[in-house]
Structures are given as C-alpha cells and as structure tokens.
Amino acid sequence: MKNIRRDFLLILPFFVFLGFFEIYPILNLFVKSFFSDKGSFTLQYYRNIFLLDQYRLAIRNSLLFSTSASLFGGILGTFVGYFISHLKRSTKNFLLSLYSLPLTLSGLVVAFAFIVLLGRNGVLNQIIRLLFHLPKDYYIDIYSWPGIVFVYGFFQIPLMTLTMAAVFENLDKSIVEASKNLGATTFQTWRYVIIPSLAPGFVSGLSIQFAGMLGAFGTVLALVGGEKNLLSIQIYFQTSESTYNLPQSAALSVALILIISVVLSILNLVERKLKPGG
Amino acid sequence: MKKKILENLVIILLVLYIVVPISMPIIFSFSKFWQGILPQGFTLEWYAQIIKRQKNYSALMVSLFVATSATLISLTISLPAAYVVNRLKGRFGEALKNFINILPMIFPPVIVGSALILAFSKPPLAFNGSLFMVIVAHTLLGFPYMFRNTLASFRTIDEITLSEAAQSLGASLVERFRYVIIPNVIHGITVGALLVFAISIGEFEVTSMVAGFTGQTLPLQLFQQIRNDMRVASAISAFLIYISLLSFIGITYITSKTRKD
C-alpha cells in the first residue's frame with residue numbers, strides 16, 4: 001500500500017510543467033489585463049474591447065466565421081462519415097486513415113496548396129476559365145470570407161468525418177430494425193430514431209470544430225495577411241508586431257477564453273439535453 | 001449496379017479531396033516552373049536550396065531539434081502521469097483525463113502564445129525569444145496527444161497485475177518501467193510520439209509569436225518564402241507534407257497491427 005502511494009508522486013513532473021508553463025501564464029494573463037504598463041489598476045483594456053470598432057468587429061467576425069466554418073465542416077463531415085461507415089472494412093479503414101492526415105498538417109502548407117490550386121492564377125482557376133471561356137480576370141476567390149471558410153474545410157470536414165464515422169459505427173442497428181418492424185417509414189425512422197440518437201455526437205463534434213475555429217489564424221494569415229479582422233489575429237498583432245500592446249492583448253485573450261468557454265458550455269448543455277434520459 | 005458505380009464515384013471524389021491539394025506543393029517542388037495549367041521540366045534544385053541556403057538549413061536543424069525535444073519532454077511528463085491516472089480510482093482520475101482533453105480547446109495556440117509572452121518576457125524569467133520557449137510551447141500543444149494515447153494503451157493491459165507479479169519477483173520501480181510497463185504500452189507511446197513530432201514540425205502560430213532570432217523554424221521560413229519565392233516555398237511545404245505522411249503511415253501501421261493482436 002505504501003508503495004502505491006509513493007508511486008503517485010510520479011505525476012509531479014507533469015503538474016510542475018503544466019503549472020509553471022500553462023496554468024501560471026494563463027492566471028498571469030488575467031491579472032495583467034487589469035494593469036496598465038505603468039502598473040496602475042485600470043479597466044481601460046476591457047472598455048476598449050466594447051468601445052473600439054476594431055475589436056467589436058473582430059469579435060463579430062470571429063463568431064460569424066467560426067459558426068459558418070464549423071457548420072460547413074460539421075454538415076459535410078457528417079455526410080462523409082455516414083457514407084464511409086457503410087463501406088466495406090478495408091475501404092473504410094483506408095478512407096479513415098486518409099482523413100486523419102490533415103490533423104497533423106501545417107496550416108501554412110494547406111494555405112500554400114490552395115494558393116497553387118485556387119489562387120488568382122491557380123491551376124484549377126485556369127482550367128475553369130479555359131473550359132467555360134471566362135475572361136482572364138475571373139477566378140474563384142479563396143481570399144474572400146467564403147473562400148477562407150472553404151479552405152478551412154480541408155481541416156474541418158475530415159475532423160468531423162472521423163467523429164461522425166465513430167458515432168454511426170456505434171449506432172444501435174437493432175433499434176433501427178425495431179422501428180422498421182413496427183411499420184415506420186424511412187422518413188419516420190430517421191426523424192424519430194436515427195437523428196435523435198446521433199444528435200449528441202453531432203453537437204459534441206460541432207463544439208470541437210467551433211472551439212478550434214475561434215482560435216485559428218495561421219492559414220488566414222498566410223492567405224490574406226492582416227487584411228481580415230479576427231479576434232485571434234488581433235491578439236497576434238498585439239503581441240508580435242510593431243503595434244505591440246501587451247495588456248490589451250491580455251484583455252483580448254481573456255475575452256477569447258471567455259467566448260470559447262461560454263460556447264463550449266452551451267453546446268455541452270445542449271448535448272446533455274439531447275442524450276436519452278437527459 | 002448503378003448504386004455501385006455511384007458509390008465508387010463518391011469514393012474517388014473523397015480521395016481526390018485530400019490528395020489533390022496535398023499533391024500541389026509536391027508537384028510544384030519538382031518542376032522548373034509552373035505558370036500555366038501544366039508544370040514544366042523536372043528539377044531537384046528547390047530541395048537543394050533548403051540545404052544550400054544558410055537560413056533554410058539552420059531552420060531545418062532548429063525544427064528537427066525542437067520537434068525531438070518536444071517529443072521527449074512530452075513523453076517524460078506524460079508516461080508517468082498516465083501510469084498514475086490509470087491507477088487512480090473514482091472521480092479524480094476521470095476529471096483529470098477530461099481536463100487534459102479539454103485543455104487544447106479552451107487554450108488554443110494563440111492563447112498559449114500570448115500567455116507565454118506575457119509571463120516570460122521580464123527577468124528573472126526572460127525565456128521569451130529563446131529556443132527553450134519554442135520547445136516549451138510545442139510541448140504544451142503536443143503533450144495531450146501523448147498522454148491520451150499512452151493512457152489508452154494502459155487501459156488495454158492489466159498493468160496492476162503485471163506490476164505486482166514483477167514486484168513479487170523483486171523488480172524495482174525503474175526495472176518495472178524498463179522491462180514490464182514500457183514494452184507493454186510502446187504502441188501508445190509510438191503513436192503519441194509520431195503525432196507530437198508531426199505537430200511540432202508544422203507548427204507556425206505559437207512559434208511565430210514566441211520565437212526570436214534563435215528559434216526560426218522551417219514553417220517560419222515558409223511563411224516568408226510564400227511571399228518571396230514560391231519555388232523554395234514549395235520544397236519546404238513538400239518536406240513538411242512528407243513528415244506528416246510518414247507519421248501517418250507509421251500510425252496506420254501500428255493501429256492495424258494492434259487490432260490484429
């Protein structure tokens with residue numbers, strides 16, 4: 001018994017590392033956001049977030065962008081997941097492995113790939129112009145908001161596919177059979193049996209997407225630089241560029257953490273409500 | 001019959017959706033130039049530029065060093081932690097596991113970056129801009145993957161019984177880890193290590209925030225080259241894709257092997 005207790009000390013390095021390099025810096029972030037450069041207490045940086053157009057727009061854009069990107073990835077990923085879960089094992093495993101590849105790919109590499117493919121003079125744009133005899137200045141625009149959402153789909157769709165393939169796999173086939181035996185139409189089976197049992201998994205997949213998108217900026221930065229105003233990009237510029245304002249970046253970071261936490265809590269609540277017996 | 005054709009068509013489209021974008025930098029990197037629809041000529045010059053240009057070469061070395069260090073640190077802290085969490089009974093273990101799962105979601109890279117800059121830019125803790133800070137940042141982003149996979153491996157074996165047997169034969173804690181525990185969870189460790197390494201090699205967001213002149217990694221070079229020289233950028237992108245591909249082949253191989261066991 002004594003031996004086992006002593007073994008528990010093995011978790012110490014983990015807590016020390018996490019405490020010193022993650023928990024302490026985040027707590028420090030909260031504290032610093034209330035103090036000006038000279039060290040006096042102030043709420044100025046939070047007031048700025050509510051009053052300055054630059055930051056209000058950033059928050060609005062971030063919310064809109066994350067919502068559209070996670071719905072785009074979430075819905076398409078669900079269809080792909082459904083399709084894949086019905087294939088024979090070897091094809092299924094191959095596609096699932098292929099769809100886990102984007103998870104480790106650098107956002108910059110994906111930005112570069114899409115610039116070559118769909119940039120102003122991208123291969124696909126040239127082919128489209130040639131095929132449909134379109135003027136030289138016509139191109140599918142990946143530098144616009146819908147374009148950026150489309151590019152992020154390369155991360156979001158596979159992520160949702162992996163989540164939903166597992167959900168469909170675990171779907172209890174016997175209740176679907178039971179509903180059919182009781183005389184339900186295909187529509188009724190989907191409406192009253194399949195969709196309710198998938199919904200919690202869908203919402204949980206959606207929250208992973210949403211949280212990820214709220215913090216993302218690498219690919220956007222590589223595509224359009226600072227041209228698009230997002231909360232994450234504002235934080236980046238306030239810490240790393242010449243516009244440097246650390247307490248302001250701390251306040252913006254706190255705002256981002258709060259937004260993510262609120263969104264995650266709401267989705268978590270919805271997920272629980274949707275669970276049978278919830 | 002018609003259904004079968006449609007099914008195969010969708011499968012092909014799904015494969016193309018991933019394969020076409022990632023093959024773009026690879027094709028680009030082997031072509032002399034690519035202005036029109038088809039690339040022209042074959043060359044290895046852009047790869048040679050990674051090694052020949054001092055800036056690119058040192059970035060390559062920095063990237064490999066950072067990724068290796070981040071993987072090793074992740075392993076050092078996560079393996080013992082997974083060992084303990086696996087033995088914890090009741091709520092605390094579950095809570096800790098959920099906490100680690102949710103950590104990367106509430107604290108995304110941009111937050112990790114700004115928090116590190118704020119905490120470590122003044123003496124006596126002026127790590128900001130050092131290579132050490134880059135390694136710490138990559139470890140913070142990567143360790144949840146190492147922890148999750150190692151813990152999953154622990155859950156598939158009956159570690160407590162194995163350890164008791166080893167203990168009754170007189171094995172010390174170090175000996176147990178060396179001869180009993182590590183060989184049994186090596187699959188999880190390898191999958192975790194491949195993920196942490198691949199994530200670290202491609203990481204751009206936090207790196208660009210905390211890296212000074214000494215922490216210039218390959219993705220930071222890539223970011224500059226995308227604006228200046230697409231050809232060298234293509235070789236760097238292709239190289240990063242190869243690393244991801246290798247790690248993903250490794251992971252697929254390991255998971256298919258463990259499934260058969």
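The analysis underlying the following values was restricted to heavy atoms, covering all of them including side chains, and did not include hydrogens, waters or symmetry mates. Each chain gets a letter, A, B and so on, in the order its sequence line appears, and its residues count up from 1.
Pairing each heavy atom of A/Leu221 with each of B/Arg227, the nearest pair is O-NH2, 3.2 Å. Smallest separation of non-hydrogen atoms from B/Ile77 and A/Pro13: CG2-O, 4.0 Å. Of all heavy-atom pairs between A/Ser232 and B/Val110, the closest is O-CG2, 3.6 Å. Of all heavy-atom pairs between A/Ser106 and B/Gly202, the closest is OG-O, 2.8 Å. For B/Pro21 against A/Phe154, the heavy-atom pair with the smallest separation is CG-CE1, 3.8 Å. Nearest heavy atoms, A/Tyr99 versus B/Leu14: OH-O, 2.8 Å.
For A/Thr161, no part sits under 4.5 Å from any heavy atom of chain B, backbone or side chain. In this structure, no portion of A/Leu27 lies under 4.5 Å from any heavy atom of chain B. With a 4.5 angstrom heavy-atom cutoff, A/Leu264 touches chain B only via side-chain atoms. Of the two parts of A/Leu96, neither the backbone nor the side chain holds a non-hydrogen atom closer than 4.5 Å to a non-hydrogen atom of chain B. Contact of B/Ile11 with chain A is made through backbone and side chain together, with heavy-atom distances under 4.5 Å. Of the two parts of A/Ile259, neither the backbone nor the side chain holds a non-hydrogen atom closer than 4.5 Å to a non-hydrogen atom of chain B. With a threshold of 4.5 angstrom between heavy atoms, A/Phe210 does not approach chain B through any atom at all. Looking at A/Leu214, neither its backbone nor its side chain comes within 4.5 Å of chain B, counting heavy atoms on both sides. If you measure heavy-atom distances from A/Phe114 to chain B, the contacts under 4.5 Å come from the side chain alone. Heavy atoms closer than 4.5 Å to chain B are found in both the backbone and the side chain of A/Leu246. For B/Pro108, the part lying near chain A is the side chain, with the backbone staying farther off; criterion is any non-hydrogen pair under 4.5 Å. Of the two parts of B/Phe239, neither the backbone nor the side chain holds a non-hydrogen atom closer than 4.5 Å to a non-hydrogen atom of chain A. When heavy atoms are compared at a cutoff of 4.5 Å, A/Leu231 does not approach chain B at all. Both the backbone and the side chain of B/Pro219 come within less than 4.5 Å of a heavy atom in chain A. For chain B, the nearby part of A/Phe83 is the side chain; its heavy atoms alone come within less than 4.5 Å.
Per-residue counts of heavy-atom pairs under 4.5 Å with chain A were compared for B/Ala81, B/Ala238, B/Ser23; the largest is that of B/Ala81. If you tally non-hydrogen atom pairs under 4.5 Å between each of B/Thr252, B/Ile111, B/Ile199 and chain A, the highest count goes to B/Ile111. Looking only at heavy-atom pairs under 4.5 Å with chain B, the residue among A/Pro247, A/Ala211, A/Gly218 that has the most is A/Gly218.
A donor-acceptor contact closer than 3.5 angstrom links the side chains of B/Ser114 and A/Ser253.
Contact of the A/Asn93 side chain with the B/Thr255 side chain is not registered, since no non-hydrogen atoms from C-beta on lie closer than 4.5 Å.
Ring centers of B/Phe143 and A/Phe17: at least 6.0 Å apart, outside the cut-off. Residues B/Phe120 and A/Phe20 place their aromatic rings such that the two centres sit under 6.0 Å apart.
In this structure, the side-chain hydrogen bond (donor to acceptor under 3.5 Å, both in side chains) partners of B/Asn101, at least two apart in sequence or on a different chain, are B/Arg148.
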